[in-house]
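Have a look at the structure below before the remarks.
In what follows, residues are counted from 1 in the order of the sequence shown.
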Amino acid sequence: MLRVQLGGPRRKNELCTHIAAVILHREYSKLLQPIYAAIINMECEGDYHFEVLDKEVKVIKQVKALSSDAVEPRYRVTYVLMSNDPRTVKVRYACKDEANEREVVLSKTMRYMVELLMR
């Protein structure tokens with residue numbers, strides 16, 4: 001019986017360069033796709049809350065503690081709202097004693113810009 005091994009022993013353990021190139025191209029293409037996004041920054045003392053009233057909008061949250069005070073902690077909270085379609089979204093937010101509702105317009109941008117902001 002004749003056994004033929006294609007690609008040698010190295011190919012068994014590593015990813016083929018052609019497949020790696022296809023994967024890289026697909027990921028790069030996703031980053032260049034336009035999306036619609038808005039960024040909301042809040043700086044709060046104590047408790048905070050944020051709610052998007054449109055369930056089709058993706059929300060990414062990033063929190064940074066500005067103080068380690070257990071009684072009155074301070075936070076900087078960044079929310080990124082994203083959608084594949086242009087839209088205006090209603091949001092509700094509360095920051096310490098202030099509560100409000102407003103409309104936010106999602107603007108066209110490239111996906112990689114959002115990725116860079118959230119790193």
ILVMFWY cluster, Val104 and Leu53 together (side-chain gap under 4.5 Å): no
Leu81 CG to Lys61 NZ distance, which is reported to the nearest 0.5 Å: 13.0 Å
Side chain to side chain contact (heavy atoms under 4.5 Å, CB included) partner of Tyr93, the single match among His49, Glu101, Arg102, Glu51: Arg102
Presence of salt bridge, Asp54 and Lys90, under 4.0 angstrom: no
Nearest-0.5 Å distance that lies between atom CZ in Arg76 and atom SG in Cys44: 11.0 Å
Value rounded to 0.5 Å, distance of CD in Gln33 from CG in Asn84: 8.0 Å
Backbone of Arg74 reached by a side-chain donor or acceptor of Ser67 within 3.5 Å: yes
Distance-minimising heavy-atom pair for Leu106 and Met82: CD1-C, 4.4 Å
Gap between atom CG of Leu24 and atom CD1 of Ile19 - 0.5 Å precision: 13.5 Å
Hydrophobic cluster membership, Val105 vs Val52, 4.5 Å side-chain cutoff: no
Derivation and outcome, side chain to side chain contact (heavy atoms under 4.5 Å, CB included), residues Tyr112 and Leu32: CA-CA 7 Å; Tyr112 72 89; Leu32 291 179; 4.2 Å; yes
Ring geometry between Tyr75 and Tyr48 (parallel below 30°, tilted from 30 to 60°, perpendicular above 60°): perpendicular
same_hphob_cluster(Val22, Tyr28) at 4.5 Å side-chain heavy-atom cutoff: no
Test item: Thr109 and Tyr36 side chains (from C-beta on) under 4.5 Å apart, heavy atoms: no
Check against side chain to side chain contact (heavy atoms under 4.5 Å, CB included), Thr78 and Ile39: CA-CA 7 Å; Thr78 302; Ile39 298 174; 3.9 Å; yes
Closest heavy-atom pair and its distance - Cys95, Met42: CB-CE, 4.3 Å
Spatial distance of atom CD1 (Ile35) from atom NZ (Lys58) [nearest 0.5 Å]: 8.5 Å
Separation between NE2 of His18 and CD1 of Ile23, rounded to the nearest 0.5 Å: 10.5 Å
Test side chain to side chain contact (heavy atoms under 4.5 Å, CB included) applied to Glu43 and Leu66, step by step: CA-CA 9 Å; Glu43 200 165 301; Leu66 299 177; 3.5 Å; yes
